[in-house]
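Have a look at the structure below, then the notes.
Whatever order the structure lists ligands and atoms in, that order sets their numbers, starting from 1.
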Amino acid sequence: MDFFPLFLDLKGQSVLLVGGMDSARGKLELLHKAGAKILWLSPKLSPELEPLALLPGVTHSLDPFEPDHLLGMKLVLVCADDLELAARISRLAQDRGLPVNVVDRPQWCSFIMPSIIDRSPLVMAVSSSGNCPRLSRLVRAKLETLFPQSYSRLALMMGAFRESSKDQFLDPEARRRFWDRIFASPIIEMFLSGQEQMAQKALEQELVTQQSAPPRYGQVALVGAGPGDPDLLTLRALRLIQTADVVVYDRLVSPVVLEYARREAQRIYVGKKSSEHTVPQDQINQTLINLAKEGKQVVRLKGGDPFIFGRGGEEIELLVEAGIDFLVVPGVTAASGCGTYAGIPLTHRDFAQSVCFITGHLREDGTLEMQWQHLVQKNQTLVFYMGLASLPQISDQLIAHGMDPKTPVALIERGTTYNQRVYTSTLDRSPELAQKEAITPPTLIIIGAVVGLREKLKWFDPAQFDEPARPPFLQP
Ligand code: SAH
């Protein structure tokens, strides 16, 4: 992080603003809103800026800048076109330990000003750390549409309830859970859609009843985290991750997805350890049950979709038996994510009318149990999960059961991430290719004529990202 974000209390504090460039208007209005006492030095003043000089709390002066003007100041802003003067003020201010900002001259700034969305008392600030102000403006425009003006009144109402909720819930953890429940309830929508009084009454009611209600069991959400690209999360998955007390995850979950969890949320890794031992399934189940019984909101994050080769069914069966509340959120499964990001549609009117998702996981004795003759069908795409180790057998068996050895095959490693690698070959040559290229899991195997469409339809090129490649999956 290049800059430390913070909000300054400038009420009644002295601020020096130098210069009469157009950009002075925005700065002055903002400082005025924040209640600062402004000394504005500007020898020239355009007719448009003149009225600003009359604002209460603003002292305008035509005097040229003197170092003494810095005395007693808490902040210095420069909007002057005289660059020599701007550089000098910046130096003098920094010598005195004063935070200084010179418009459009990052090299002379000790702080930068973000783009803001003002829903006071709720204020959102966005910055690209000077890399691309245009991008922060774009993000700001998006946030403007996501958070209508009514958020300002919502924040005020919540503020009014803050004290009474403190009296009701002495335990901060219980208080946080209360507010989480309120924010997940229809009360918020009610307020935002204009039924403010009704929402206020409902909130008062909740404060009373929640207080006397017996402690409830927590809830476990079995959430699909998608195949890697965090943008492929569902909105519900995102909301649940953001409010969870505990996130239990395994190795296919992208670290970027985990970053959406609250800083205080507990993160429990149950995937393969460096010793290559996975946490046994019954231990995972017990952990989920124990956490829920402690009243925690638990998110059990799984790569892709929890109900596709994710053992999601087994985990919730035990929750049902233990009487724990649960819900399941589907995710984009690897077949869909990897196929799409490799430019391979899994079905196509001319090439494939059906698609099979198959596990290539080997049995303990190293064999694969499969109805091979059912897999060798015309116009069908085969998608193998966990099939890298068994690829030689998959290839041999499909050919032995009549599949054309020249059927196209795609091997997609770390699909949908910056580290995605896609290899295409034919059924007979693919095991050799996997070995030659040292392809590693997670890799998805797609077999069928649709693979040929990639040449024309590929669109995702991880090489185009400047971003330093980061490990897409956790490897603790
Ligand atoms: N529930 C998951 C699948 C878990 S099985 C889902 O719905 O996607 C694990 C296998 O999924 C891996 O061995 C690999 O074959 C496949 N897989 C998952 N994510 C992948 C990715 N990003 N790239 C390639 N293969 C992936």
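Checking only distances, L252 never comes within under 3.5 Å of ligand 1, N or O to N or O. Looking at P227 next to ligand 1, an N or O pair under 3.5 Å apart turns up. In terms of polar-atom proximity, G304 is not counted as a contact of ligand 1, lacking any N or O under 3.5 Å from an N or O of the ligand. Ligand 1 has an N or O atom lying under 3.5 Å from an N or O atom of M386, backbone or side chain. Residue-to-ligand polar distances place A334 within reach of ligand 1: an N/O pair is separated by less than 3.5 Å. Residue Y385 has no nitrogen or oxygen atom sitting less than 3.5 Å from a nitrogen or oxygen atom of ligand 1, judged on distance alone. Considering backbone and side-chain atoms alike, G415 places an N or O below 3.5 Å from some N or O of ligand 1.
Proximity to T333 (heavy-atom distance under 4.0 Å) selects the following atoms of ligand 1: 6 (C), 7 (O), 8 (O). Counting atoms of ligand 1 from 1 in the listed order, those under 4.0 Å from a heavy atom of C338 are 21 (C), 23 (N), 24 (C).
At a heavy-atom cutoff of 4.0 Å, ligand 1 is contacted by the backbone of I412 but not by its side chain. Only the backbone of R414 comes within 4.0 Å of ligand 1, judged by heavy-atom distances.
At a threshold of 4.5 Å between non-hydrogen side-chain atoms, the residues V223 and R300 do not count as touching.
Which of L444, I308, V422, T417 comes nearest to atom 3 (C) of ligand 1 through a heavy atom is settled by distance: it is I308.
Heavy atoms only, all atoms of each residue included: S390 and L368 are closest at CB-CD1, 3.8 Å.
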